[in-house]
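Below is one structure, written out as structure tokens, with a few remarks after it.
In this chain, numbering begins with 1 at the start of the sequence shown.
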Amino acid sequence: MLRKMFTALVLVATAFAAYVTMLPDVYALTRSTVISAPPEVVFSHIEDFRKWDAWSPWAKRDPAAKATFSGEPKGRGSVFEWSGNSEVGAGRMTMMQSRSPGGVIIKLDFTKPYEATSDVTFLLKPEAGGTRVTWSMSGRQTFIEKAFCTMMGGMERIVGPDFEKGLANLKAVAEGKKG
């Protein structure tokens, strides 16, 4: 009986490993919303890392997190580093490109709980009644990261709700209903 259970466990583990190996090494996540504010107003809340505390979905998870800002005050060359609890981890965001009011490109480097690099973009387009904001994140994953994400339900389930909450918070701030 024990031998059959061990054999079954090995088969399940082998099948899972084969499945994870076949998954793409890249991931992409995108969320979008329309904000009833001009692109310039929305852009001002995105290009300045110091303003992210008002809308970031992660800011409230660890109010004691240490945050430092360096480089340019806002826009290209600005840097935000943080170190917090297990929910927010530690890392660094560097504004690589900032084009008012069209959007920004950010290099996101996590250092804790694991090391990873992602590309983050915010694209802003005028739309009837306001601005369409599209928040995207993409990057590469190792075998271990793919296995973890698979067990947790994928990036859509892990990070997707945070993007939705962040966009809702950004909408409230840019529309003057919060902050």
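Here the closest non-hydrogen pair linking Ser36 and Lys171 is N-NZ, 4.2 Å. The shortest heavy-atom contact between Gln141 and Tyr27 is CG-CD2, 3.5 Å. For Leu124 against Gly103, the heavy-atom pair with the smallest separation is CD1-CA, 4.0 Å. The two residues Trp135 and Asp162 come nearest to each other via the heavy atoms CZ3-O, 4.3 Å. For Ala174 against Ile35, the heavy-atom pair with the smallest separation is CB-CG2, 3.8 Å.
The hydrophobic cluster containing Leu108 also contains Leu29, counting ILVMFWY residues as joined when their side-chain heavy atoms lie under 4.5 angstrom apart, directly or transitively. The hydrophobic clustering, which links ILVMFWY residues whose side-chain heavy atoms are closer than 4.5 Å, places Val88 and Met93 together. When hydrophobic clusters are built by joining Ile, Leu, Val, Met, Phe, Trp and Tyr residues whose side-chain heavy atoms come closer than 4.5 Å, directly or via intermediates, Trp58 is grouped together with Val173. Both Phe69 and Val120 are members of a single hydrophobic cluster when ILVMFWY side chains are connected at heavy-atom separations under 4.5 Å. Note: the hydrophobic cluster containing Phe110 also contains Val159 (ILVMFWY, side chain heavy atoms under 4.5 Å, direct or indirect links).
The main-chain N or O of Ala172 is never found under 3.5 Å from a side-chain atom of Asn169 such that the two would form a donor-acceptor pair. When atom types are taken as modelled, the side chain of Arg50 and the backbone of Pro73 share a donor-acceptor pair closer than 3.5 angstrom.
Every pair tested for side-chain hydrogen bond (donor to acceptor under 3.5 Å, both in side chains) that includes a residue from residues 65-78 fails, sequence neighbours excluded, so the list is empty. Among residue pairs with one or both ends in residues 28-49, those qualifying as ring pair (Phe, Tyr, Trp, His ring centres under 6.0 Å) are Phe49-Trp52; sequence neighbours excluded.
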Side chain to side chain contact (heavy atoms under 4.5 Å, CB included) between Lys51 and Ser44, intermediate numbers included: CA-CA 8 Å; Lys51 291 185 176 182; Ser44 72; 4.0 Å; yes
Derivation and outcome, side chain to side chain contact (heavy atoms under 4.5 Å, CB included), residues Phe163 and Ser136: CA-CA 9 Å; Phe163 272 37; Ser136 301; 5.8 Å; no
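Separation of atoms CG (Asp62) and OG (Ser86) is listed at 8.5 Å; rounding is to 0.5 Å. To the nearest 0.5 Å, atoms CG (Asp53) and CG (Asp48) are separated by 11.5 Å. For the atom pair Asp119 CG and Lys107 NZ, the distance stands at 9.0 Å (nearest 0.5 Å). Arg140 CZ to Thr117 OG1: the interatomic distance, rounded to the nearest 0.5 Å, is 12.0 Å.
More than 12 heavy atoms of other residues, nucleotides or ligands lie within 6.0 Å of CZ in Arg61, so this atom counts as buried by the packing criterion.
Inter-residue side-chain proximity for Thr111 and Arg92 is flagged as unmet; no heavy-atom pair is nearer than 4.5 Å. By the 4.5 Å heavy-atom criterion applied to side chains, Met96 and Ile106 are not counted as neighbours. At least one side-chain heavy atom of Ile46 sits under 4.5 Å from a side-chain heavy atom of Leu170. Under the 4.5 Å side-chain criterion, counting only non-hydrogen atoms from C-beta, Arg31 is not in contact with Thr134. Proximity of Val133 to Leu167: side-chain heavy atoms (C-beta onward) are separated by under 4.5 Å at one or more points. A heavy-atom distance below 4.5 Å is not found between the side chains of Lys125 and Pro39. Counting heavy atoms from C-beta outward, Phe122 and Glu47 have side chains that stay 4.5 Å or more apart. Between Met95 and Val79, every side-chain heavy-atom pair lies at or beyond the 4.5 Å cut-off.
A side-chain N or O of Arg132 and one of Ser32 form a donor-acceptor pair less than 3.5 Å apart.
With a 4.5 Å cut-off between side-chain heavy atoms of Ile, Leu, Val, Met, Phe, Trp and Tyr, the cluster of Met1 takes in Met5.
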